[in-house]
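Keep in mind it's a predicted model, so treat the numbers as computed, not measured. Order of appearance sets the numbers: ligands from 1, and atoms from 1 within every ligand.
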Amino acid sequence: MSAENSEKKDIRILAIESSCDETAAAVVKNGREVLSNTIYSQIDLHTLYGGVVPEIASRKHIEKINQVIKTSLNEAGCTLADIDAIAVTYGPGLVGALLVGVSEAKAISFATGIPLVGVNHIEGHICANFIEHPDLKPPFMCLVASGGHSHLVLVKDYGEYEIIARTHDDAAGEAFDKVARAIGLGYPGGPKIDKISKEGNPDAIIFPRGKVEGSEYDFSFSGLKSAVLNYLNECRMKGEDFSQADVAASFQKAVIEVLVGHSLKAAEDYRISTFAIAGGVASNSSLRAEFVKECGSKGIGFYYPSPVYCTDNAAMIGVAGYFEYIKGYRSGYELNAVPGLGIGEKQGVRKA
Ligand code: KG4
Ligand code: ZN
């Protein structure tokens, strides 16, 4: 065999993500190298309404998706002829928004014959950690905290997941967004609470740390959210002012204590020596600092993605798609949007 033939062929994945309010495409080489990562954020549009409006999101995806894909291919220096597979988010997410990406991916696959692989959005968030950390390999445990999800996941191998804990009500990001709105910071709440908390006293108000009876790792944030709303109502009824920074910092401390506490308890109980975080909330500066400190003191290796790979993006879908692709998973043209797709679940994705 010639040296040329024995060289491993590079695999380039074109990834498409449209599950919520970001229209995104990326080209990822060999599962870890991001050749391009194009994101059209609709955030300014939805800010007008104080949150994501699903119908507007779908319409905007339709307007933007072709251009976002073209830009991504150009920036990667590729054409479709260089692409080995198309990875697309098919759930969980908003059904109309997901359908735009799924239909686009199916159309490109049909027109070109490039294989199609449906990808789980949450698994994508977890895989974002592989981009900047070549040394990170399964097994490890990952906290995924986003606007719609809060899960502790055991990553047993590439593409093999076991859910250790979940939220029983609000997701962590949802709590950030609701509290931010209540104290007048607006949408999206997470980054705003992160910023203003630096000026506040995290011990000014003692908010409850949510617990779930009978499941020590699971999360609950609705009680905390109600406690913040009650505190604000009491202030208003007494005609007293409240400090936005103190409420934000005290709320944030309560969320972080629960997220970090449950995560490290589970990591220790499962004898896990490597821990990662993922999802929009993983870009929270105090959460990262607390994990760095706690993991450091316990001798647990800690990994987190840069903020651009924490919030929704297509590069993470390209990474997850690569590991599915090399395991032989493919999707047919019956691939559909699955708004409630669970972690580790497959619908319309099977071994070829
Ligand atoms: O992963 P993501 O971009 O979208 C979903 O899949 O939901 O996460 C968005 C969530 C929002 O709730 C946002 O407020 C939160 O992540 N978030 C943050 C920060 N940046 C984004 N939460 C806390 N601190 C941040 N710095
Ligand atoms: Zn997400």
Visitor: List ligand 1 atoms under 4.0 Å from Thr311, heavy atoms only on the residue side.
Guide: 3 (O)
Visitor: Does the N or O separation between Asp194 and ligand 1 drop below 3.5 Å for any pair?
Guide: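 Between Asp194 and ligand 1 (N or O atoms, distance only) the closest approach is under 3.5 Å.
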Visitor: Name the option, out of Gly280, Gly93, Gly147, Pro92, that contains the heavy atom nearest to atom 15 (C) of ligand 1.
Guide: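 The residue whose heavy atom sits nearest atom 15 (C) of ligand 1 is Gly280.
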Visitor: Among all protein heavy atoms, pick out the one at the shortest distance from atom 24 (N) of ligand 1; state its residue, atom name and that distance to 0.1 Å.
Guide: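 Result: Asn284 ND2, 3.0 Å.
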Visitor: Tell me whether the guanidinium CZ or amine NZ of Lys106 lies under 6.0 angstrom from the six-membered ring centre of Tyr333 and within 45° of its axis.
Guide: no
Visitor: In terms of side-chain geometry, is the basic nitrogen of Glu63 or Arg59 positioned less than 4.0 Å from the acidic oxygen of its partner?
Guide: no
Visitor: Atom 18 (C) of ligand 1: which protein heavy atom is closest, and how many Å away?
Guide: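 Nearest neighbour among protein heavy atoms for atom 18 (C) of ligand 1, to 0.1 Å: Gly190 CA, 3.4 Å.
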Visitor: Is the distance between the ring centroids of Phe275 and Tyr303 under 6.0 Å?
Guide: no
Visitor: Donor-acceptor pair, Ser146 side chain versus His149 backbone, under 3.5 Å?
Guide: yes
Visitor: Can you tell me if, anywhere in His125, an N/O/S atom lies at a distance from the Zn ion (ligand 2) that is smaller than 2.8 Å?
Guide: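 So His125 does bind the Zn ion (ligand 2) by this criterion.
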Visitor: Could you check whether the rings of Phe140 and Phe130 sit parallel, tilted or perpendicular, using 30° and 60° as the cut-offs?
Guide: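 Perpendicular.
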Visitor: So, 4.0 Å and heavy atoms of Cys20: is ligand 1 close enough to count as a contact?
Guide: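 False for this residue.
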Visitor: Any N or O on Pro188 sitting closer than 3.5 Å to an N or O of ligand 1?
Guide: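 No - when backbone and side-chain N and O of Pro188 are compared with those of ligand 1, no distance drops under 3.5 Å.
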Visitor: Looking at the rings of His262 and Phe219, which for Trp means the six-membered one, are their centres under 6.0 Å apart?
Guide: yes
Visitor: Go through ligand 1 atom by atom and flag the ones less than 4.0 Å from a non-hydrogen atom of Ser283.
Guide: 19 (C), 20 (N), 26 (N)
Visitor: Below a 4.0 angstrom heavy-atom separation, can you tell me which part of Glu22, side chain or backbone, both or neither, approaches ligand 1?
Guide: neither
Visitor: Regarding Lys60 and Glu55, does a basic nitrogen lie under 4.0 Å from an acidic carboxylate oxygen?
Guide: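 Salt bridge between Lys60 and Glu55, a charged N being under 4.0 Å from a carboxylate O: no.
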Visitor: One residue to check: Asp312. Relative to ligand 1, which of side chain, backbone, both or neither has a non-hydrogen atom less than 4.0 Å away?
Guide: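 The answer is both.
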Visitor: With respect to the Zn ion (ligand 2), please indicate if His121 possesses an N, O or S atom at a distance under 2.8 Å.
Guide: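 Under 2.8 Å: His121 contacts the Zn ion (ligand 2) through an N, O or S atom.
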Visitor: Between Tyr217 and Lys265, is there a cation-pi geometry (under 6.0 Å to ring centre, at most 45° from the normal)?
Guide: no
Visitor: Within ligand 1, which atoms have a heavy atom of Gly173 less than 4.0 Å away?
Guide: 12 (O)
Visitor: Number the atoms of ligand 1 from 1 as they appear, then name those within less than 4.0 Å of a heavy atom of Gly148, with their elements.
Guide: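 Answer for ligand 1: 7 (O).
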Visitor: Looking at every non-hydrogen atom in both residues, tell me the closest pair between Pro188 and Asp177 and how far apart they are.
Guide: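 Looking at all heavy atoms of both residues, the closest pair is C-OD1, 3.9 Å.
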Visitor: I need the contact type for His121 against ligand 1. Using non-hydrogen atoms and a strict under-4.0 Å cut-off, is it side chain, backbone, both or neither?
Guide: side chain
Visitor: In terms of relative ring orientation, are Phe302 and Tyr304 parallel, tilted or perpendicular, with 30° and 60° separating the classes?
Guide: tilted
Visitor: For His125, take its heavy atoms, then give the atoms of ligand 1 lying under 4.0 Å from any of them.
Guide: 1 (O), 6 (O)
Visitor: Taking it one step at a time, do Lys346 and Glu324 satisfy salt bridge (Lys or Arg N to Asp or Glu O under 4.0 Å)?
Guide: CA-CA 11 Å; Lys346 288 192 171 18; Glu324 297 291 284; 2.8 Å; yes
Visitor: What protein heavy atom lies closest to atom 13 (C) of ligand 1? Include the residue and the distance to one decimal.
Guide: Asp177 OD1, 3.8 Å
